[in-house]
Every structure is written in C-alpha cells, then in structure tokens.
Protein chains: 2
Amino acid sequence: MEKIKQLLRSSNFKLTPQREVVLEVLLENEEGHLSADDVYMLVKKKVPEIGLATVYRTLELLSELNIIQKLYFGENVARYEFRSDSDDHHHHHLECINCGKVEEIDEDWLGIIEEKVEKQYDFKVIDHRLTFQGICSRCKTKDN
Amino acid sequence: MEKIKQLLRSSNFKLTPQREVVLEVLLENEEGHLSADDVYMLVKKKVPEIGLATVYRTLELLSELNIIQKLYFGENVARYEFRSDSDDHHHHHLECINCGKVEEIDEDWLGIIEEKVEKQYDFKVIDHRLTFQGICSRCKTKDN
DNA sequence: GTTTTTGCAAACAATTTGCAGGGAT
DNA sequence: ATCCCTGCAAATTGTTTGCAAAAAC
C-alpha cells in the first residue's frame, strides 16, 4: 500500500482521498474480480459523494501504472485485479459457467509453453491469460 | 456448411437468407476474429437492407448452437470465431499489443494441465482460453 | 497560486429489446 | 392462418468526456 502511494507521488499524481478509498476497496477484495460498478458501490459506502467517473478514472490510472489490470471474462464488463508483484505471471482463472464465480489459481505451468511460442512463432511473449471454463465443485455437487 | 444448415433446421430454426449470408461471411473470414460490426459491414455489401440487430441475433443464435463462439480480447467488443469441430480444444491466440493483430495457433498443450485442474481443484473443465500478449514477429522487425 | 482532480451531466459505443410488418410453412 | 423472423428505432448498459468548482501540493 505504501509503495503504491509512493509510486503515485513519484509519477506526479496527487494522492486524493478518492484514490485512497478505491485502493482500499481493491485491497479488501483482492480475490473479488470487481467491475467498475462493484468498486463504485463499495466505495460509495465509505465516501457517498464520490462519482462513478472518478472510479473509472482511478481504475484507468492504476491500470496505466500497472498496479492493477483490466480483464474481460465472458461478458463485456471490465473487471480489475492486482497485477502480481513479480514480473513472471503464474496466475490463472477458473470460471464457472453455471454460477459465474471466478476463482484464481496460482501455478507455474506455462513457462515451457511460452518458450515454445517464442521459438516456433517468433513472438515475444510479454504476458498471457489462461482461463478455464467449466463447472466448479460447488455447482457439481449441487447438480443443477 | 451443409451440416450447419442441417443443425439449424433440426433445431427448428429457419434458414433465412440473412442467416445464410452471415454464415457465408464468417466462413470467408475464418481467421478474422470479426466483431458484430465487422460482420455487419461485410454482410451489408451483399445484402444492403440487412439490419444490425439481425446480425446480432444471428451471432447470438449461432453461439447458442455452439457453431461459433464469442470471445473478448483486450477490449469490450465481442469477437466471433468458429468453434473447432472436435470437442477437444487445442486452439490459442497470439495477440500483438503493438499492432493489435490476433493470430491463431493450434497446438495440443494443455491436456495434462487440464487434468491437473480437474484433480487439484475439483473443477470440471469444459473449455479453456489461452491468449499470449506480446510483440508479433512483424512488429519486432519493424522495431517501432 | 497553479495545476490536478472531482462530480455532474451529457455524450458515446456496443448490444438488446419492442413492435409492427413480411415471409415461410 | 400461424408462427417465426426481420428491420427499424428506441432503450439499456458500460464507459468516456467536457466543464466549472474544489482540492492538493
């Protein structure tokens, strides 16, 4: 948290209460895959006079600073999550097509595959995104 | 193409000229990752009086029949591509963050990984989506 | 005191929906 | 004749922008 504030300051952005609250909400829901609107709702509980546009602008800003990243799952709604600290990216998603829940898993699986991509396709890999769609354990047992 | 028409008929949907043209366009641009609007533009050249809503409805229909599938790359615009015939899904994307081009690659890499997911996370995998972001070979040589 | 940032409302873009007319069976 | 499908326009949804006032440094 402190280093994020540091980063903001050093990039000549001002540390406003609104930005702090957005960060706070993101930290409190780290596994949440929140949409801009989700963040807005949560932030509004703490600072009711905040505007939706400010939330969007803050999320945009944090994305540009590479603090968070914007993802799309099955819908056309952007969701945001913290970018992992390390520059290797071993972090994937399990998306339940029944209940819509998105779970995170953290495994180092794609290292060899990335190498193959770089060699076979002459493609410089910077990041990747891996999502599995299926039925989560809870929905499997509920059997609906 | 014929089997698709068959499938439509057997699901009690009518094979209208509009639907045929949409399919035609999709087939002609199989590697294109077209958005609804792209399809609309292309279809309009053949059948100028077609409506955008019809295109959306047709794409929706084809998605439900599992003929095509709806994907989101970095933006909030849905793009559509044919679903591979086989029920194994060995088909991934290379998305260039410089020129925006999306290339397809067809490799069987995730079989073992899917098994791990099923076991370790008790998650029934139905499909997956793997996209690599990076710099494509053309942009690498152009060096801009 | 400047320069950013905010909140509001209006603008925008992608997609969906309601509905009356048209077409296929 | 019925039921499905289309085209149009209006409605919705998610996101962005213009601008004057307010806040940060």
Side-chain angles (χ1 to χ4, degrees), chain A residues 4-25 33-65 67-80 100, chain B residues 4-25 33-65 67-80 100:
Chain A
I4 295 174
K5 292 186 185 174
Q6 210 57 50
L7 180 56
L8 270 181
R9 231 176 311 244
S10 68
S11 314
N12 272 332
F13 292 110
K14 296 190 174 162
L15 183 55
T16 65
Q18 289 89 332
R19 288 177 178 166
E20 277 197 81
V21 183
V22 169
L23 265 170
E24 212 177 294
V25 163
H33 299 293
L34 303 178
S35 67
D37 213 70
D38 295 336
V39 174
Y40 178 56
M41 296 307 193
L42 291 166
V43 155
K44 231 174 151 49
K45 284 188 196 161
K46 304 184 179 212
V47 185
E49 66 277 15
I50 201 171
L52 177 56
T54 303
V55 171
Y56 272 103
R57 282 186 283 230
T58 305
L59 292 170
E60 174 70 22
L61 175 63
L62 294 174
S63 291
E64 270 163 24
L65 293 175
I67 294 166
I68 60 176
Q69 84 189 104
K70 201 178 182 178
L71 301 173
Y72 289 85
F73 297 102
E75 346 122 291
N76 60 346
V77 185
R79 302 191 167 273
Y80 300 85
Chain B
I4 296 174
K5 293 188 185 174
Q6 209 57 50
L7 180 56
L8 270 181
R9 233 176 310 246
S10 67
S11 314
N12 271 332
F13 292 110
K14 296 192 173 155
L15 183 55
T16 65
Q18 289 89 332
R19 288 178 180 167
E20 276 197 82
V21 184
V22 168
L23 265 170
E24 213 177 293
V25 162
H33 299 294
L34 303 178
S35 67
D37 213 70
D38 296 335
V39 174
Y40 179 55
M41 297 308 194
L42 291 166
V43 156
K44 231 173 150 53
K45 286 187 196 161
K46 305 182 178 217
V47 186
E49 67 276 16
I50 201 171
L52 177 55
T54 303
V55 171
Y56 273 104
R57 282 186 282 231
T58 304
L59 292 171
E60 174 70 20
L61 175 64
L62 295 174
S63 292
E64 270 164 24
L65 293 175
I67 295 167
I68 60 176
Q69 83 189 103
K70 200 179 184 177
L71 300 173
Y72 290 85
F73 296 101
E75 347 122 290
N76 60 346
V77 185
R79 302 191 167 274
Y80 300 84

Nearest-angstrom distance from the residue atom [atom1] of [X] to [atom2] of [N]:
X        : N       : atom1 : atom2 : answer
Leu61(A) : dT15(D) : CG    : C1'   : 16 Å
Tyr40(A) : dT6(C)  : OH    : C1'   : 13 Å
Tyr80(B) : dA14(C) : OH    : C1'   : 10 Å
Leu71(B) : dA14(C) : CG    : P     : 18 Å
Tyr72(A) : dT15(D) : OH    : P     : 6 Å
Glu20(B) : dA24(C) : CD    : C1'   : 14 Å
Leu59(A) : dT5(C)  : CG    : C1'   : 15 Å
Leu15(A) : dC25(D) : CG    : C1'   : 11 Å

Candidates Leu8(A), Asn12(A), Leu7(A) - the one meeting side-chain contact (heavy atoms from CB on, under 4.5 Å) with Ser10(A):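 It is Leu7(A), the one option of Leu8(A), Asn12(A), Leu7(A) that forms the side-chain contact (heavy atoms from CB on, under 4.5 Å) with Ser10(A).
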Val25(B) side chain reached by Leu34(B) side chain, heavy atoms, under 4.5 Å: yes
Side chain to side chain, Ser11(A) and Leu65(A), heavy atoms closer than 4.5 Å: yes
Return no unless some side-chain N or O of [X] is found under 4.0 Å from OP1 or OP2 of [N].
X        : N       : result
Tyr56(A) : dT15(D) : yes
Gln18(B) : dG23(C) : no
Ser35(B) : dA14(C) : no
Thr54(B) : dT6(D)  : no

Residue pair Arg79(A) / Ser35(A): nearest heavy atoms and the distance that separates them: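 Scanning both residues, the minimum pair turns out to be NH1-N, 3.5 Å.
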Any base atoms under 4.0 Å from [X], or only sugar-phosphate, or nothing? Heavy atoms, all strands.
X        : value
Leu52(A) : base
Arg57(B) : base
Glu60(B) : nothing

Side-chain donor/acceptor of Lys14(A) to base of dT3(C), under 3.5 Å: yes
5'-most by nearest nucleotide on DNA chain D - Lys44(B) or Asn12(B):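 Closer to the 5' end of DNA chain D: Asn12(B).
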Ring geometry between Phe73(A) and His33(A) (parallel below 30°, tilted from 30 to 60°, perpendicular above 60°): perpendicular
Shortest side-chain distance from Glu49(B), nucleotide among dG7(D), dA14(C), dT5(C): dG7(D)
